[in-house]
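Atoms within each ligand, like the ligands themselves, are counted from 1 in listed order.
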Amino acid sequence: MKTFVTGGAGFIGSHLVDYLIQQHHEVHVIDDLSSGKRSYLHPQATFHHLDIRSDQTGDLIREEKPNILFHLAAQADVTRSIEDPKFDADVNINGTIQLLKACNDAKVQKFIFSSTSAVYGNLQKTFITESDPATPFSYYGISKLSAESYIQLFHQLYQLPFIILRYGNVYGPRQTAKGEGGVIAVFMEKIRNEQPLMIHGDGEQSRDFVYVDDVVQANIAAMTSEQNGMVQISTGKRTSINQLVASLSSLHNKPLDTVHKAGRKGDIKHSCLANQKAYDLLNWKPNTEIAQGIQYTYSYYQPITENTDN
Ligand code: NAD
């Protein structure tokens with residue numbers, strides 16, 4: 001199939017591109033390299049160094065007429081969204097609209113969108129399902145939720161087929177401590193620089209960490225699905241910060257220094273996303289246990305391993 005991946009030079013997008021190429025699909029990447037890296041780009045992918053908001057992007061999609069478009073390009077840095085909500089909205093909302101219009105004109109068979117659990121904001125619930133209210137607490141959460149609404153309305157008005165994937169905390173090789181980064185990438189960077197790991201509060205707060213390969217498989221399942229809809233992509237399990245530190249310490253073979261800081265205001269104590277709907281709609285479930293995923297990620301970040309791209 002002819003596939004387009006926006007954000008294909010980024011953390012998740014580059015893993016998706018690698019898999020699509022391994023499966024012999026034709027892959028085009030649209031990326032402005034604002035946070036992605038050229039070294040992550042698969043050499044067999046056709047690279048278009050473009051901004052998703054540009055008219056050239058729209059023209060390219062109309063000309064190439066892909067079967068499937070995976071939309072991962074985003075301003076994915078929560079802090080930056082707070083500092084510059086206009087830029088965040090421009091990339092995440094206007095960029096998505098530009099793609100939707102072009103995909104509709106090009107009769108793309110499936111528009112697959114990477115969304116986020118940030119749309120729920122500080123929902124005080126320990127187990128979130130898709131029917132819970134989305135009440136974002138960052139401009140990033142607002143812009144991703146708005147993009148979802150545009151996708152749904154394009155479907156209602158023009159029958160553009162779509163799947164929205166709301167990810168939990170994604171982790172794995174190539175992730176940076178910026179963006180939706182999250183604690184695992186931050187810890188990997190600290191370990192690499194031989195700096196202490198910072199723990200806010202008692203470290204018992206927990207999150208739902210989903211490994212990047214499982215997220216890739218969710219995108220693949222969305223590509224082949226006949227369904228339209230929105231699903232959460234998660235493990236349905238909680239891992240605490242203390243558990244993460246313990247796993248990393250055992251891999252590191254020597255105790256890791258930790259620094260305790262006061263708990264962050266507004267931080268949710270536990271957050272976990274149901275994944276039953278993803279199974280029902282896409283026949284997808286995660287395959288990587290946290291211990292395994294942490295090990296793969298740790299090996300990638302260690303200077304002794306021979307990584308060509310980190
Ligand atoms: P990333 O920053 O590594 O990747 C984003 C890619 O988009 C980068 O390669 C960047 O250069 C590109 N990009 C940004 N703005 C662009 C623009 N205007 N035009 C063209 N390209 C542009 O982020 P990631 O973690 O791989 O996230 C991928 C997607 O998954 C994003 O949509 C993000 O919102 C979503 N997501 C990520 C996580 C996570 O934990 N990493 C969780 C939930 C959702």
Sub-4.0 Å atoms of ligand 1 with respect to non-hydrogen atoms of Leu33: 11 (O)

Could Lys269 and Asp202 be called an ion pair, given the rule that one side-chain N must be under 4.0 Å from one carboxylate O? yes

Would you kindly specify which portion of Val91 sits under 4.0 Å from ligand 1, judged on non-hydrogen atoms: side chain, backbone, both or neither? side chain

Which option out of Thr116, Leu41, Ile12 puts a heavy atom nearest to atom 37 (C) of ligand 1? Ile12

For ligand 1, is there an N or O atom under 3.5 Å from any N or O atom of Phe11? yes

Heavy-atom side-chain contact between Arg174 and Tyr300 under 4.5 Å: yes

Under a 4.0 Å heavy-atom limit, does Tyr171 contact ligand 1 with its side chain, its backbone, both, or neither? neither

Under a 4.0 angstrom heavy-atom cut-off, which atoms of ligand 1 come close to Ser34? 10 (C), 11 (O), 13 (N), 14 (C), 15 (N)

Would you kindly check if the NZ (Lys) or CZ (Arg) of Arg207 is within the cone defined by 45 degrees around the ring axis of Tyr171 and under 6.0 Å from the six-membered ring centre? no

N or O contact, Ser117 vs ligand 1, cut-off under 3.5 Å: no

Quick check on side chain to side chain contact (heavy atoms under 4.5 Å, CB included): which of His71, Arg53, Lys101 does Thr96 satisfy it with? His71

Do ligand 1 and Tyr167 have nitrogen or oxygen atoms that lie under 3.5 Å from each other? no

Side chains of Arg80 and Gln75: does their closest heavy-atom pair fall under 4.5 Å? yes

What I want to know is whether Gly13 and ligand 1 share at least one N or O pair that is separated by under 3.5 angstrom. no

Side chains of Phe209 and Leu244 in contact at under 4.5 Å (non-hydrogen atoms): yes

For residues 151-163, please give each side-chain donor-acceptor pair under 3.5 Å, one per line with the distance, not counting sequence neighbours.
{"unit_1": "His155", "atom_1": "ND1", "unit_2": "Leu160", "atom_2": "O", "d": "2.9"}
{"unit_1": "Gln159", "atom_1": "NE2", "unit_2": "Gln156", "atom_2": "O", "d": "3.4"}

Note, His15 side chain near Pro173 side chain (heavy atom, < 4.5 Å): yes

Does any N or O atom in Asn169 lie less than 3.5 angstrom from one in ligand 1, N or O only? no

When you compare the side chain of Asp18 with that of Tyr40, does any pair of heavy atoms fall below 4.5 Å? no

Among Val78, Leu72, Val119, Val29, closest by heavy atom to atom 28 (C) of ligand 1 is Leu72

Which of the listed options, Phe209, Tyr140, Tyr40, Phe70, holds the heavy atom that is closest to atom 34 (O) of ligand 1? Tyr140

Determine whether Asp213 and Tyr19 make a side-chain contact, defined as any pair of heavy atoms from C-beta on separated by less than 4.5 Å. no

Suppose we screen for ring pair (Phe, Tyr, Trp, His ring centres under 6.0 Å). Which residues come up paired with His49, at least two apart in sequence or across chains? Phe47

Is the shortest distance from a heavy atom of Leu50 to ligand 1 less than 4.0 Å? yes

Using heavy atoms and a 4.0 Å limit, tell me yes or no: is Ala9 in contact with ligand 1? yes

Identity of the nearest option to atom 44 (C) of ligand 1, non-hydrogen atoms only, from Ala73, Ser114, Ser115: Ser115

NZ/NE/NH1/NH2 to OD/OE distance under 4.0 Å, Arg166 and Glu130: no

Under 4.0 Å from any heavy atom of Ala74, which atoms of ligand 1 are there? 7 (O), 14 (C), 15 (N), 31 (C), 32 (O), 34 (O)

Side-chain contact, heavy-atom cut-off 4.5 Å: Ile233 with Asn219? no

Beyond-backbone contact of Val17 with Leu41, side-chain heavy atoms, under 4.5 angstrom: no

For Gly10, the atoms of ligand 1 under 4.0 Å from one of its heavy atoms are 3 (O), 4 (O), 8 (C), 9 (O)

Residue-ligand contact Gly182/ligand 1, heavy atom below 4.0 Å: no

What do we get for Thr6 next to ligand 1 when only non-hydrogen atoms under 4.0 Å count, side chain, backbone, both or neither? neither

To check you understand the geometry: which heavy-atom pair defines the closest contact between Phe187 and Met198, and what is its length? CE1-O, 3.6 Å

Which ligand 1 atoms are under 4.0 Å away from a heavy-atom of Gly36? 8 (C), 9 (O), 10 (C), 11 (O)

Taking both backbone and side-chain atoms of His71, is any N or O found less than 3.5 Å from an N or O belonging to ligand 1? no

Is the shortest N/O to N/O distance between Asp31 and ligand 1 below 3.5 Å? yes

Kindly confirm or rule out an N or O of Ile30 lying under 3.5 angstrom from an N or O of ligand 1. no

Is Phe113 in contact with ligand 1, taking contact as a heavy-atom separation below 4.0 Å? no

Of all the heavy atoms in Lys144, does at least one lie under 4.0 Å from an atom in ligand 1? yes

